[in-house]
Amino acid sequence: MTDCIFCKIVDGEIPAAKVYEDQNLLAFLDISQVTPGHTLLIPKKHVRNVLEMDAVSASQLFEAVPDLARKIMKATGALGMNIINNNEEVAGQTVFHAHVHLAPRYGADDDLKISFLSHEPDFEKLASLAEKIQQTEV
Ligand code: AMP
Ligand code: ZN
């Protein structure tokens with residue numbers, strides 16, 4: 001895709017600090033390091049996000065995650081890692097070429113904050129929503 005920044009990185013038109021590459025995938029350091037070693041893993045072939053991927057291309061992308069995560073952990077000495085994938089603007093996607101963030105964690109006071117606000121469980125609502133999702137064909 002011509003005006004996609006990650007396609008330009010794949011094509012070598014703009015530089016990136018590469019940490020892993022194979023036939024289908026590229027991983028490079030995020031230009032804005034939320035924590036040291038913050039890495040993006042992308043498919044080389046342009047696709048908007050996971051919502052538009054088929055099972056084969058998604059498998060190729062995600063099967064590389066565990067080894068890459070361990071590699072980054074070992075190289076940085078991080079204590080843990082958040083693996084994040086944003087799909088569409090409402091979910092925080094700003095670059096519309098699928099990517100997985102691997103963000104090493106060094107402690108509760110490092111620069112990454114993720115919060116899940118908790119709610120009292122409503123078991124009837126949970127059951128009916130689960131049923132609805134189960135019955136939905138894609
Ligand atoms: P997201 O918000 O999930 O779409 O994440 C996009 C990420 O791409 C952000 O964390 C940006 O810092 C990162 N990014 C944007 N441009 C570049 C670039 N040229 N090289 C490396 N990372 C980039
Ligand atoms: Zn692209």
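Whatever order the structure lists them in is the order used to number ligands and atoms, beginning at 1. What you see is a predicted model, and the numbers here were worked out from it, not measured in a lab.
At least one side-chain heavy atom of Phe28 sits under 4.5 Å from a side-chain heavy atom of Ile42. Counting only heavy atoms from C-beta outward, the side chains of Asp67 and Tyr20 never approach each other to under 4.5 Å.
Leu112 and Met81 are members of different hydrophobic clusters when ILVMFWY side chains are connected at heavy-atom separations under 4.5 Å.
For the Zn ion (ligand 2), the tally of protein N/O/S atoms lying closer than 2.8 Å stands at 4.
Cluster partners of Phe123 are Leu126, counting Ile, Leu, Val, Met, Phe, Trp and Tyr whose side-chain heavy atoms approach within less than 4.5 Å, directly or via other members.
In plain terms, the two heavy atoms of Leu68 and Ala27 that are nearest each other are CD2-CB, 3.7 Å.
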Tabulate distances under 3.5 Å between N/O atoms of ligand 1 and N/O atoms of the protein, writing both atom names on each line.
from: ligand 1; atom 1: 2 (O); to: Gly92; atom 2: O; distance (Å): 2.8
from: ligand 1; atom 1: 2 (O); to: Thr94; atom 2: N; distance (Å): 3.4
from: ligand 1; atom 1: 2 (O); to: Thr94; atom 2: OG1; distance (Å): 3.0
from: ligand 1; atom 1: 3 (O); to: Asn86; atom 2: ND2; distance (Å): 2.9
from: ligand 1; atom 1: 3 (O); to: His99; atom 2: NE2; distance (Å): 2.8
from: ligand 1; atom 1: 3 (O); to: His101; atom 2: NE2; distance (Å): 2.8
from: ligand 1; atom 1: 4 (O); to: Thr94; atom 2: N; distance (Å): 2.7
from: ligand 1; atom 1: 4 (O); to: Thr94; atom 2: OG1; distance (Å): 3.2
from: ligand 1; atom 1: 4 (O); to: Val95; atom 2: N; distance (Å): 3.0
from: ligand 1; atom 1: 4 (O); to: His99; atom 2: NE2; distance (Å): 3.0
from: ligand 1; atom 1: 5 (O); to: His99; atom 2: NE2; distance (Å): 3.1
from: ligand 1; atom 1: 5 (O); to: His101; atom 2: NE2; distance (Å): 3.2
from: ligand 1; atom 1: 10 (O); to: Asp30; atom 2: OD1; distance (Å): 3.2
from: ligand 1; atom 1: 10 (O); to: Asp30; atom 2: OD2; distance (Å): 2.5
from: ligand 1; atom 1: 12 (O); to: Asp30; atom 2: OD1; distance (Å): 2.5
from: ligand 1; atom 1: 22 (N); to: Ile31; atom 2: N; distance (Å): 3.1

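With values rounded to the nearest 0.5 angstrom, Leu102 atom CG is found 11.5 Å from Arg70 atom CZ. Of the inter-residue distances, the one linking Asn24 atom CG with Lys45 atom NZ reads 10.0 Å to the nearest 0.5 angstrom.
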With a cut-off of 3.5 Å and sequence neighbours excluded, list every side-chain donor-acceptor pair involving residues 130-138.
from: Glu131; atom 1: OE2; to: Gln135; atom 2: NE2; distance (Å): 3.2
from: Thr136; atom 1: OG1; to: Lys132; atom 2: O; distance (Å): 2.6

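Screening Val34, Val100, Ile114 against Ile84 for a side chain to side chain contact (heavy atoms under 4.5 Å, CB included) leaves a single residue, Ile114.
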